[in-house]
*Asks:* 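Quick one: the structure is below, and I'll ask about it shortly.
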Amino acid sequence: MTLYLQTKMSFLHRNKRLWTVLVLLFFVLFRAGAQGNADAVFVPIAKYLYEGDAAKLSAWFFDNVELSIDSNEYVMSRKQAFQMMTSFFEQYVPESFTIDHGASRSIVKCAVGKMVAGGEYFDVFIFVSNRGDGYKIQKLMFQKN
């Protein structure tokens, strides 16, 4: 019995960093889940993602935006991002989009959502920040399930 407990304690001690990360993640998700869709900035963004409206969505982009589609990451101008989103929505016509979680810090907010588009399922991560002229999309990620 003593050896068993020592083995378990040794495992926990070796994986202390993992446990710390898991506990922090739990608290972040709990806080984010409790906040839900409270951030009004995500209401129009979610609407344009659901509608597949690249033009209206790109109006929310900073002049330079990070775009990630299925692990392919790009940093591009608003115009280039508009073109990429237009192509994305042509290939994957949105069928549904919901925001599941949201979190915020002083000038940065993020939301995690789910999208069904073109028969595929995507996790969508939206990061917005305020640089003095209102919130704009800094990073938009689509990860295929």
Side-chain angles (χ1 to χ4, degrees), residues 5 7-145:
L5 288 175
T7 304
K8 287 295 180 187
M9 292 306 289
S10 176
F11 172 78
L12 291 174
H13 187 267
R14 283 193 317 259
N15 292 304
K16 188 176 182 179
R17 182 176 290 167
L18 174 66
W19 285 106
T20 303
V21 169
L22 289 174
V23 168
L24 288 174
L25 182 61
F26 171 78
F27 284 112
V28 167
L29 289 176
F30 179 78
R31 181 177 181 268
Q35 187 173 353
N37 291 335
D39 290 316
V41 68
F42 293 114
V43 172
I45 294 170
K47 177 183 176 188
Y48 303 141
L49 284 167
Y50 172 75
E51 294 173 351
D53 193 332
K56 290 181 181 174
L57 181 64
S58 66
W60 283 87
F61 292 159
F62 274 116
D63 290 336
N64 289 304
V65 64
E66 296 176 53
L67 199 56
S68 176
I69 299 176
D70 208 23
S71 300
N72 297 314
E73 296 186 21
Y74 311 93
V75 176
M76 57 186 63
S77 70
R78 179 186 296 149
K79 184 176 180 179
Q80 290 170 318
F82 160 71
Q83 293 168 342
M84 182 166 277
M85 289 308 304
T86 299
S87 296
F88 178 82
F89 289 140
E90 287 173 356
Q91 182 176 0
Y92 301 104
V93 177
E95 299 165 28
S96 68
F97 178 75
T98 58
I99 292 181
D100 297 330
H101 303 286
S104 64
R105 296 276 181 212
S106 58
I107 61 170
V108 178
K109 299 176 185 289
C110 66
V112 178
K114 301 248 186 256
M115 175 182 267
V116 178
E120 301 284 346
Y121 294 85
F122 293 89
D123 290 323
V124 180
F125 304 88
I126 309 163
F127 299 89
V128 298
S129 62
N130 187 340
R131 297 183 187 161
D133 60 343
Y135 285 96
K136 300 267 185 187
I137 298 173
Q138 173 182 330
K139 185 170 189 170
L140 184 59
M141 299 171 59
F142 296 88
Q143 187 65 45
K144 199 183 290 186
N145 286 336

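Small disclaimer: the values here were computed from a predicted structure and weren't measured.
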*Asks:* Could you check whether any side-chain heavy atom of Leu57 comes within less than 4.5 Å of a side-chain heavy atom of Leu49, counting everything from C-beta outward?
*Replies:*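 Yes, at least one pair of side-chain atoms sits under 4.5 Å.
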
*Asks:* Heavy-atom distance under 4.5 Å between the side chains of Met76 and Leu67, does that happen here?
*Replies:* yes

*Asks:* In the structure I gave you, are the side-chain heavy atoms of Asp70 and Phe142 within less than 4.5 Å of one another anywhere?
*Replies:*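 No, every pair of side-chain atoms sits at 4.5 Å or beyond.
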
*Asks:* Below 4.5 Å, heavy atoms only, C-beta onward: do Ser71 and Gln143 meet side chain to side chain?
*Replies:*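 Counting from C-beta outward, Ser71 and Gln143 do come under 4.5 Å.
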
*Asks:* Look up atom OG in Ser129 and atom CD in Gln138, then write down how far apart they are to the nearest 0.5 Å.
*Replies:*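 Answer rounded to 0.5 Å: 4.0 Å.
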
*Asks:* Search all heavy atoms of Ala117 against all heavy atoms of Pro94 and return the closest pair with its distance.
*Replies:* CB-CA, 3.8 Å

*Asks:* Is the NZ or CZ atom of Arg131 both under 6.0 Å from the centre of the six-membered ring of Phe62 and within 45° of that ring's axis?
*Replies:*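 Yes, Arg131 sits over the ring of Phe62.
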
*Asks:* Do Lys109 and Phe42 touch side chain to side chain, with heavy atoms closer than 4.5 Å?
*Replies:* yes

*Asks:* Just so I know, are the side chains of Val65 and Ile137 near enough to count as touching, which here means a heavy-atom distance under 4.5 Å?
*Replies:* yes

*Asks:* Carefully, step by step, assess Val124 and Val112 under the rule side chain to side chain contact (heavy atoms under 4.5 Å, CB included).
*Replies:* CA-CA 6 Å; Val124 180; Val112 178; over 6 Å; no

*Asks:* What are the two closest non-hydrogen atoms of Pro44 and Ala40, and how far apart are they?
*Replies:*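 Minimum heavy-atom separation between Pro44 and Ala40: CD-O, 3.3 Å.
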
*Asks:* Quick check for you: to the nearest 0.5 Å, what is the distance between Leu140 atom CG and Ile45 atom CD1?
*Replies:*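 Spacing of CG (Leu140) from CD1 (Ile45) equals 8.5 Å.
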
*Asks:* State, to 0.1 Å, how close Trp60 and Val41 come at their nearest heavy-atom pair, and which atoms those are.
*Replies:*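 Minimum heavy-atom separation between Trp60 and Val41: CZ3-CG2, 3.4 Å.
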
*Asks:* Compare every heavy atom of Glu73 with every heavy atom of Ser68, then report the nearest pair and how far apart it is.
*Replies:* OG-CG, 3.5 Å

*Asks:* Using modelled atom types only, decide if a donor and an acceptor are shared between the side chain of Glu95 and the backbone of Gly119 within a distance under 3.5 Å.
*Replies:* yes

*Asks:* Taking the six-membered ring for Trp, are Phe122 and Phe88 closer than 6.0 Å centroid to centroid?
*Replies:* yes

*Asks:* Hey, are the side chains of Phe82 and Met85 touching, using non-hydrogen atoms and a 4.5 Å cut-off?
*Replies:*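 Heavy-atom side-chain distance check fails, nothing below 4.5 Å.
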
*Asks:* Counting C-beta onward and ignoring hydrogens, is there a side-chain heavy-atom pair between Tyr92 and Lys144 closer than 4.5 Å?
*Replies:* yes

*Asks:* To the nearest 0.5 Å, what is the distance between CD (Gln83) and OG (Ser58)?
*Replies:*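 If I round to the nearest 0.5 Å, the distance is 10.0 Å.
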
*Asks:* Would you compute the distance between atom CZ of Phe97 and atom NZ of Lys47 and round it to the nearest 0.5 angstrom?
*Replies:*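 Going from the CZ atom of Phe97 to the NZ atom of Lys47 covers 14.5 Å.
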
*Asks:* To the nearest 0.5 Å, how far apart are CD1 in Ile99 and NZ in Lys114?
*Replies:* 12.5 Å

*Asks:* When rounded to the nearest 0.5 angstrom, what is the spacing between CD in Glu66 and CZ in Phe127?
*Replies:*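 One gets 9.0 Å once the value is rounded to the nearest 0.5 Å.
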
